[in-house]
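The block underneath contains the structure these notes are about, expressed in structure tokens.
Both backbone and side-chain heavy atoms feed into the values below; hydrogens, waters and symmetry mates do not.
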Amino acid sequence: MELEQWLDEYDIKKMVMRDLKYYLIGYKEEEDFNELFKDMDLDKVQYVFHSVAYVINEWHTSGDEKRKYISARVRLEYNDSVFAEYEAIYGLDGEGEDDYLRMV
């Protein structure tokens, strides 16, 4: 399956933005939420779809085994400045495998 075909089939932009929304709902309950978002007006944070990649990862694999997945990223911007990036990892079956938010 070609990457562009997979991206269209699963509507990657819609999928990653939906998953970011769910991530942030849970993240608001964590202690470091206020550290990352400080005194920001949350209504003014912009979520910009940044990139998507097909990844073949051989780290922590044995023999000919390779981990293959799709990585999608969204940048979080405030006052025209990027302050964080969300990354979601999807299996080739379209199921979410992992996600995280990191400061940049």
State, with a plain yes or no, whether a side-chain heavy atom of Tyr54 is found less than 4.5 Å away from one of Leu92. yes

Those residues at least two apart in sequence (or on a different chain) that pass side-chain hydrogen bond (donor to acceptor under 3.5 Å, both in side chains) with Asp99 are Tyr86

Is Tyr22 atom OH crowded by more than 12 heavy atoms from other residues, nucleotides or ligands, each under 6.0 Å away? no

How close do Leu76 and Phe37 get, heavy atom to heavy atom, and via which atoms? CD2-CZ, 4.0 Å

Angle between ring planes, Tyr90 versus Trp6, binned at 30° and 60°: parallel, tilted or perpendicular? tilted

Calculate, to the nearest 0.5 Å, the distance between atoms CD and CG belonging to Glu30 and Leu101 respectively. 9.5 Å

Out of curiosity, does Val74 fall in the hydrophobic cluster containing Met40 (side-chain heavy atoms, cut-off under 4.5 Å, transitive links)? yes

Main chain of Arg18, side chain of Tyr23: is a donor-acceptor contact present, judged purely on distance under 3.5 Å? no

Treat each ILVMFWY residue as a node, draw an edge where side-chain heavy atoms are under 4.5 Å apart, and state whether Tyr78 and Val104 are in one component. no

Does NZ or CZ of Arg67 lie under 6.0 Å from the centre of the six-membered ring of Tyr69, at an angle within 45° of the ring axis? yes

Taking only residues two or more places apart in sequence, or in another chain, which ones meet Arg73 in a side-chain contact (heavy atoms from CB on, under 4.5 Å)? His50, Ser51, Ser71, Glu85, Glu87, Arg102

Applying side-chain contact (heavy atoms from CB on, under 4.5 Å) to Glu29 and not counting sequence neighbours gives none

Main chain of Glu95, side chain of Asp93: is a donor-acceptor contact present, judged purely on distance under 3.5 Å? yes

Shared hydrophobic cluster for Phe33 and Ile25 (ILVMFWY, side-chain gaps under 4.5 Å): no

Do the side chains of Tyr27 and Val82 join up, straight or via other hydrophobic residues, at under 4.5 Å, putting them in one cluster? no

When rounded to the nearest 0.5 angstrom, what is the spacing between CG in Leu20 and CZ in Phe49? 12.0 Å

Which distance, rounded to the nearest 0.5 Å, do you find between the CD of Gln5 and the CG of Asp8? 8.0 Å

Heavy atoms, side chains only, cut-off 4.5 Å: are Lys68 and Val55 in contact? no

When rounded to the nearest 0.5 angstrom, what is the spacing between CE in Met17 and CD1 in Ile12? 11.5 Å

In this structure, CD1 of Ile89 is separated from CG of Asp19 (nearest 0.5 Å) by 12.0 Å

Rounding to 0.5 Å, atoms NZ (Lys44) and CD (Glu77) come to a distance of 15.5 Å

Counting C-beta onward and ignoring hydrogens, is there a side-chain heavy-atom pair between Phe83 and Met103 closer than 4.5 Å? no

